[in-house]
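Data first, discussion second: the structure below is written as structure tokens.
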Amino acid sequence: MDFNQIVDRKGTHCTQWDYIEDRFGENNLLPFTISDTDFMLPGEVRHTLSKRLEHGIFGYTRWNHQAFQEAVLKWYRNRFNLEIKKEWLNYSPSVIYSISLLIDMHSDKQDGVIVQTPAYDAFFKTIVGNQRKLIENPLLYQNGLYSINFIELETKLSDPQNKILLLCSPHNPTGRVWEKEELKKIVELCKKYQVFLISDEIHMDIVRKEYAHHPILELSEQNVAIVTSGSKTFNFPGLIFSYVLLPSETDRKAFRYRLKNRDGLSSASTLGLEATISAYDNCENWVEELNEYIDGNIEYVKKELLKKMSTIKVVESHSTYLMWLDMTNYPGTMEEIQKKLLEIGQVAIMDGGVYGGNGRNFLRLNVGCPRDKVVDGLHRLIKSLN
């Protein structure tokens, strides 16, 4: 695939391009914001969807069948050398919906849900929306690298009112890939204090070549769930399809009861299901090409900032297509930075304060796009802040 190809997304009701004014107050901006990419789906997936569209009937669709199960099992076997069981699989319309159901299943109102911050802002909304308490475990930031504050984490896990740890692995927005030893320690602490562990692994496939993602089920099958989707990897969040891995039969029954009986969502998105199966069956090489291209975008940004804007430090990126830019040494407040970006560069880059923790000193730059857009955006950023 030609990742350099620029596709005009305007006029498609696209959140990132068509509704930029909702968040930034202006419409004529070059966006590097919402965490989707500007890349077309792999050709094999587009072909699958075209063929399905030609059929012309889109009735109720089952997800619990061999084609879907085998596709996911093969993906985990090939990419992570992990054997999972088909009965662990459960459909969900979105990762955040899955998190919401698991919070409902494993805690009561006013119980605490622990999150390492800065973190994906939808976590906060879901926790508060479920009338639970957001318990922050701020990540340590030293020498340009984030790590988990395990001393504080254990203190918060030991509080009997904190029932859930919501882990982001790999981590959005910092890009950290947690090492196996870190994950082992997390699992041991959750087991010690009987805290349910939800691992959001939606960024699991977009990882720099020198790092390796370890699914949490590699380390434990007790009191744990993986929530994930192919939507970040292949860029089809608009097809509304994700899945959950639940080793516990009790959890599976409770999850499916809420999905079907309470919320009436057991029939899957036809096109989301087809896209997931096709992507997992046919597109592993495409993912390798995608990662190589994103690596190139990241290297370009790093070199240009080092050469032309050394006051901005780039946090080492282990994963995702989201760069985390440290603005601590830039002489100005985040409000002043955003004002310059909008008024001078006409470029929209996310204010890291949205993500809690120490995020107020950072920008989150989405480089999941053609190189020409990255070049243009970086030129606008440097022009704005010089």
Side-chain angles (χ1 to χ4, degrees), residues 35 79-80 95 99 113-124 135-154 156-157 165-190 197-220 224 226-228 232-233 290-291 294-295 297-299 301-302 305 312-328 350 352-368:
S35 57
R79 291 199 68 80
F80 309 117
V95 163
I99 291 170
V113 179
I114 302 168
V115 177
Q116 274 94 28
T117 54
Y120 179 40
D121 56 314
F123 287 176
F124 309 149
I135 308 298
E136 291 194 43
N137 171 218
L139 295 172
L140 299 172
Y141 181 62
Q142 298 169 319
N143 301 317
L145 183 69
Y146 281 91
S147 61
I148 295 170
N149 186 339
F150 278 104
I151 295 173
E152 183 186 87
L153 176 60
E154 181 163 11
K156 292 183 175 178
L157 288 170
L165 172 60
L166 175 51
L167 179 71
C168 194
S169 177
H171 190 264
N172 170 17
T174 70
R176 261 304 308 271
V177 169
W178 306 118
E179 296 174 3
K180 194 170 184 178
E181 289 305 312
E182 292 173 304
L183 294 171
K184 279 183 180 178
K185 197 165 184 178
I186 289 169
V187 166
E188 288 166 1
L189 288 171
C190 286
L197 176 54
I198 305 171
S199 187
D200 176 354
E201 304 190 7
I202 198 169
H203 292 280
M204 63 189 185
D205 299 312
I206 312 298
V207 176
R208 311 287 86 79
K209 53 182 173 289
E210 60 267 39
Y211 296 96
H213 170 68
H214 296 280
I216 203 69
L217 290 175
E218 179 183 329
L219 302 165
S220 177
V224 65
I226 286 178
V227 294
T228 192
K232 292 291 186 210
T233 306
L290 172 68
N291 272 311
I294 291 170
D295 288 353
N297 280 351
I298 289 170
E299 284 304 309
V301 172
K302 286 168 65 176
L305 288 178
I312 301 176
K313 293 183 179 179
V314 178
V315 175
E316 182 184 356
S317 174
H318 297 183
S319 64
T320 81
Y321 47 77
L322 305 166
M323 297 187 69
W324 195 234
L325 307 182
D326 185 349
M327 308 299 293
T328 305
M350 293 297 291
V354 170
Y355 309 105
N358 72 338
R360 63 189 178 279
N361 298 322
F362 293 79
L363 293 172
R364 194 189 77 168
L365 177 71
N366 182 346
V367 294

#### Entry: side-chain hydrogen bond (donor to acceptor under 3.5 Å, both in side chains) involving Tyr355 - partner list, sequence neighbours excluded
Arg364

#### Entry: Tyr141: partners by side-chain hydrogen bond (donor to acceptor under 3.5 Å, both in side chains), with sequence neighbours left out
Asp326

### Task
Could you tell me which residues satisfy ring pair (Phe, Tyr, Trp, His ring centres under 6.0 Å) with His203, sequence neighbours excluded, listed by chain and number?
none

### Message
Which residues pass the side-chain hydrogen bond (donor to acceptor under 3.5 Å, both in side chains) test with Ser169, not counting sequence neighbours?
### Response
none

### Task
Apply ring pair (Phe, Tyr, Trp, His ring centres under 6.0 Å) to Tyr211 and list each qualifying residue two or more places apart in sequence or on a separate chain.
His318

### Message
Filter on salt bridge (charged side-chain N to carboxylate O under 4.0 Å, His left out), then keep only pairs touching residues 166-178, sequence neighbours left out; what's left?
### Response
Arg176-Glu182

### Task
Going by the side chain to side chain contact (heavy atoms under 4.5 Å, CB included) test, name the single residue among Ile186, Leu197, Val187 that passes it with Leu219.
Val187

### Task
Identify, with sequence neighbours excluded, every residue that meets side chain to side chain contact (heavy atoms under 4.5 Å, CB included) alongside Asn149.
Asn137, Leu140, Ile151, Glu152

#### Entry: Listed partners of Arg79 passing salt bridge (charged side-chain N to carboxylate O under 4.0 Å, His left out), at least two apart
Asp205, Glu284, Glu288

### Message
Just to verify, what does Glu210 make a salt bridge (charged side-chain N to carboxylate O under 4.0 Å, His left out) with, not counting sequence neighbours?
### Response
none

### Message
Ser199: which residues meet the side-chain hydrogen bond (donor to acceptor under 3.5 Å, both in side chains) condition with it, sequence neighbours left out?
### Response
Glu201

### Message
Tell me every residue that passes salt bridge (charged side-chain N to carboxylate O under 4.0 Å, His left out) with Glu316, counting only those two or more places apart in sequence or in another chain.
### Response
none

### Summary
Hits for salt bridge (charged side-chain N to carboxylate O under 4.0 Å, His left out) against Glu154, two or more places apart or cross-chain, chain-then-number order -> Lys192

